[in-house]
4 protein chains.
Amino acid sequence: MRNDTKGKEAKAGSKREALVRATIQLVNNSGFHATPMSKIAKLAEVSPGTIYLYFENKQDLINQVYIEVKTAFSAFAFKDYDASLPVAEGFRKIWYNIAAFKLQEVEEAMFLSQCDNTPMMDEPSRQEGLKHLRPLLDLWERGQAEQLIRQVSPFMLYAFSIYPIAFLMNVQQRGLYTITQEHIDHAYTMAWNSIKL
Amino acid sequence: MRNDTKGKEAKAGSKREALVRATIQLVNNSGFHATPMSKIAKLAEVSPGTIYLYFENKQDLINQVYIEVKTAFSAFAFKDYDASLPVAEGFRKIWYNIAAFKLQEVEEAMFLSQCDNTPMMDEPSRQEGLKHLRPLLDLWERGQAEQLIRQVSPFMLYAFSIYPIAFLMNVQQRGLYTITQEHIDHAYTMAWNSIKL
Amino acid sequence: MRNDTKGKEAKAGSKREALVRATIQLVNNSGFHATPMSKIAKLAEVSPGTIYLYFENKQDLINQVYIEVKTAFSAFAFKDYDASLPVAEGFRKIWYNIAAFKLQEVEEAMFLSQCDNTPMMDEPSRQEGLKHLRPLLDLWERGQAEQLIRQVSPFMLYAFSIYPIAFLMNVQQRGLYTITQEHIDHAYTMAWNSIKL
Amino acid sequence: MRNDTKGKEAKAGSKREALVRATIQLVNNSGFHATPMSKIAKLAEVSPGTIYLYFENKQDLINQVYIEVKTAFSAFAFKDYDASLPVAEGFRKIWYNIAAFKLQEVEEAMFLSQCDNTPMMDEPSRQEGLKHLRPLLDLWERGQAEQLIRQVSPFMLYAFSIYPIAFLMNVQQRGLYTITQEHIDHAYTMAWNSIKL
DNA sequence: GATGAATGAGTATTCATTCAT
DNA sequence: AATGAATGAATACTCATTCAT
């Protein structure tokens with residue numbers, strides 16, 4: 001059912017897509033430098049040479065994948081979010097969105113986590129990725145103006161309210177811990193308690 | 001003036017030490033797989049062949065370095081800590097110790113952070129590294145029994161009170177943020193607020 | 001404005017021509033093996049696949065280009081030459097023609113020079129190219145019969161009277177030397193002095 | 001007789017030497033870009049990786065080989081030459097030396113010829129190679145001052161008296177022509193006739 | 001005829017590891 | 001213990017060639 005239809009249904013761009021998916025998966029399992037291009041090609045059912053039709057080189061490949069996943073992440077994070085919401089409600093919305101992403105879209109989330117904690121990413125792409133958080137930063141600023149949020153750097157707010165979710169995801173991924181809806185609700189409370197005034 | 005004194009001042013085992021230091025530094029800058037053994041040897045002023053007198057292979061090298069740094073970390077974390085201290089005081093002590101480590105011993109801290117967020121470490125070594133946190137887990141258990149600490153998994157407590165420090169360190173390391181004593185005090189409050197009942 | 005006119009002005013066969021021109025230019029700059037087919041196609045504003053409509057493969061491509069340029073060369077060399085001319089006059093005519101070719105049609109001349117000094121050409125094509133010099137060899141034979149030209153192999157006559165022009169062209173091409181009409185006249189004298197009796 | 005003694009007699013530097021010889025031979029037969037490093041290694045009976053112990057990369061390899069062969073060439077060219085000799089005698093000496101080199105040390109000579117007529121060499125190395133001809137240029141200058149040599153650029157003198165030898169070598173190498181001592185003497189006369197006043 | 005996406009064999013180069021000294 | 005020259009398997013990337021459209 002795959003080979004026979006490949007030429008037809010899998011139109012333009014499908015190979016690029018397959019490569020992106022393969023990259024995420026393999027980098028998650030082995031890390032960037034331990035993942036050969038040939039393996040990526042094989043998993044994507046594509047010739048090694050084909051990679052270079054869509055990406056300039058290995059670095060460009062993860063750069064592009066990173067941007068793409070980061071974009072998907074923020075789309076997810078701000079889904080149904082409205083900047084006119086009250087601060088507490090807005091934060092709750094975003095926080096639950098991010099938690100949902102990290103715990104459902106595990107592959108993507110793990111990939112981002114590795115990119116963000118490793119020297120494999122080059123600085124320009126990292127900067128590019130940061131931009132996407134703008135609405136959250138704006139929300140926090142508003143919250144601080146309204147005396148609802150602690151008067152500390154957004155880095156600090158992020159560290160204590162968002163970053164912990166990544167840890168929980170990692171731990172669950174390694175099979176050490178299983179996160180239920182109740183856990184998530186607890187986690188939200190802890191996040192909010194740490195940043196609220 | 002270098003060669004002639006090397007043999008004297010740098011007794012037996014000094015080469016191992018130099019290799020460990022070199023590994024930490026280079027892995028921080030480039031990642032595990034992007035760091036060649038030859039570079040490690042060069043920075044340690046040692047022949048490539050010598051590495052294999054002290055370590056079985058590359059994987060064994062980072063494994064050993066990881067354990068070593070993790071041990072140093074916990075020694076630091078529990079310095080002057082006494083299990084008979086009241087919970088709040090005990091936590092404060094440990095938390096400030098860990099923060100001091102992360103912000104002063106940056107090289108070691110960054111190395112651990114990379115090990116913990118990357119597939120470069122094998123599972124046994126990872127497990128080995130976890131053991132060192134025992135006293136903190138005990139403290140939390142006691143705190144929960146005394147109704148001082150939230151009734152959630154230690155993973156959750158760790159995620160919201162300890163893990164954020166690593167983020168702050170990363171951000172400072174990248175030159176995006178400078179952490180003062182005042183920031184640390186704020187951070188402590190946020191950490192405590194998130195886990196206290 | 002490019003695509004719509006291509007089909008009109010550049011009738012059939014124009015693509016082949018463009019490919020030949022592109023090949024000459026690129027091989028001059030980088031050598032045969034350092035010139036990818038894709039680059040040739042790009043410079044000729046043609047698809048890579050199109051090359052194989054006109055040429056069997058890469059080797060066939062330079063073979064054909066070589067023959068073509070060699071043919072153009074001899075047409076140039078024997079322009080206005082008449083086998084009934086006196087030997088000295090006939091040689092002068094041919095020599096100046098060749099000099100003019102080498103110094104005016106630099107692209108073609110450099111291409112030939114590279115083909116003749118490199119293992120990139122296969123022997124059959126090389127032989128094919130040699131045939132074109134027949135009239136010059138005949139002239140020399142006549143000159144020897146008339147005791148005007150040294151009794152040595154035509155290879156020797158060629159080496160000392162014709163081959164040097166290629167060197168001058170190379171040197172001028174590299175910007176080390178500029179050749180004026182006066183230089184050419186001197187060169188002719190030197191050529192003639194070396195072969196005359 | 002080779003394998004059994006390899007480890008002993010073939011001390012330091014022997015591998016480099018073998019690589020240089022292999023490079024000359026293979027580049028002569030196939031050209032620079034058509035010669036894979038692996039083939040060079042195999043012919044030199046050395047591992048591919050070993051090449052990079054002695055040479056930075058492929059370009060550095062031919063650069064070094066070129067300089068080395070060019071140096072051997074000029075040592076040969078000016079053997080027994082004494083700047084105090086009369087011009088005609090000095091030129092005869094050098095010319096015969098060069099002819100001897102080109103016709104005896106065919107491998108080296110062919111290698112130089114290919115380097116000098118191909119874009120494979122980078123400009124710095126080419127310049128470096130040129131320096132070696134100094135004594136010949138000095139001799140020509142003196143000859144011009146003494147009204148013995150034509151008042152033309154040394155490029156022209158070289159083109160007509162030295163460069164032709166390379167052509168004869170090529171032709172002989174291809175099996176089209178066999179050069180005897182008598183031919184050489186003729187050639188010398190032709191060379192001298194072209195540059196003398 | 002013409003295209004250009006796709007291929008996969010081939011290439012330069014790197015690097016963990018060994019071993020004779 | 002220590003060295004470092006040597007290895008060769010592995011890797012990123014290129015490019016001649018094909019073929020479905």
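Chain letters run A, B, ... following the sequence lines, proteins first and then strands; every chain starts at 1.
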Report task. Using Watson-Crick or G-U wobble geometry with both distances below 3.5 Å, tell me the partner of F/dA1, or none. Result -> none

Query raised in the report: B/Ile40 has an atom CD1; how far is it from atom C1' of E/dT17, in whole Å?
Result: 13 Å

Query raised in the report: Where the side chain of D/Asn57 is defined as all heavy atoms beyond and including C-beta, which of F/dA6, E/dT13, E/dT17 is the nearest nucleotide?
Result: E/dT13

Query raised in the report: Quick one: B/Leu19 CG to E/dT17 P, roughly how many Å, whole number?
Result: 14 Å

Requested in this report: Begin from the C-alpha positions of C/Asp116 and C/Tyr66 and carry the test side chain to side chain donor-acceptor pair (under 3.5 Å) through to its verdict.
Outcome: CA-CA 10 Å; C/Asp116 289 333; C/Tyr66 177 74; 3.0 Å; yes

Report summary line: With the side chain defined as heavy atoms from C-beta on, A/Pro36 is closest, among E/dT17, F/dA12, F/dA16, to F/dA12

Requested in this report: Return the nearest nucleotide to the side chain of D/Val46; candidates are F/dT3, E/dT13, F/dT7.
Outcome: F/dT7

Query raised in the report: Taking the side chain of C/Ser47 as heavy atoms from C-beta outward, which of F/dT11, E/dG4, F/dA6 is closest to it?
Result: E/dG4

Requested in this report: Rounded off to whole Å, could you give me the CD-to-P distance for the C/Glu56 and F/dA16 pair?
Outcome: 16 Å

Query - Toward the 5' end of DNA chain E, by each residue's nearest nucleotide, D/Ala34 or B/Ala34 - result: D/Ala34

Query raised in the report: Any luck finding a side-chain donor-acceptor pair between A/Gln64 and A/Glu68 under 3.5 Å?
Result: no

Query raised in the report: Quick one: on DNA chain E, does D/Gly49 or A/Pro48 contact a more 5' nucleotide (nearest heavy atom)?
Result: A/Pro48

Query raised in the report: With both distances kept under 3.5 Å, what pairs with E/dA16, Watson-Crick or G-U wobble?
Result: F/dT7

Query raised in the report: Starting at the 5' end of DNA chain F and moving along, which residue's nearest nucleotide shows up first, A/Thr50 or A/Thr35?
Result: A/Thr35

**Report entry** Distance, rounded to the nearest Å, where B/Asp60 contributes CG and E/dT17 contributes P
**Finding:** 10 Å

Report summary line: Here the distance between atom C1' of E/dC15 and atom CG of B/Leu26, to the nearest Å, is 15 Å

Report summary line: Between OH of C/Tyr54 and C1' of E/dA2 the distance, given in whole Å, is 8 Å

**Report entry** For atom CE of A/Met37 and atom C1' of F/dT14, their distance in whole Å
**Finding:** 13 Å

**Report entry** Interatomic distance, A/Tyr52 OH vs E/dA9 P [rounded to whole Å]
**Finding:** 16 Å

Requested in this report: Examine C/Lys58 relative to C/Tyr52 and say whether NZ or CZ is less than 6.0 Å from the centre of the six-membered ring and inside a 45° cone about the ring axis.
Outcome: no

Query raised in the report: Does A/Lys15 place a side-chain N or O at less than 4.0 Å from the phosphate oxygens OP1/OP2 of E/dT7?
Result: yes

Requested in this report: May I have the step-by-step check of side chain to side chain donor-acceptor pair (under 3.5 Å) for B/Gln25 and B/Asn29, ending in yes or no?
Outcome: CA-CA 7 Å; B/Gln25 189 176 326; B/Asn29 288 330; over 6 Å; no

Query raised in the report: Taking for each residue the nucleotide of DNA chain F bearing the nearest heavy atom, is the 5' side occupied by A/Gln59 or by C/Phe32?
Result: A/Gln59

Query raised in the report: With a cut-off of under 6.0 Å to the ring centre and 45° to the axis, is A/Lys70 in cation-pi contact with A/Phe111?
Result: no

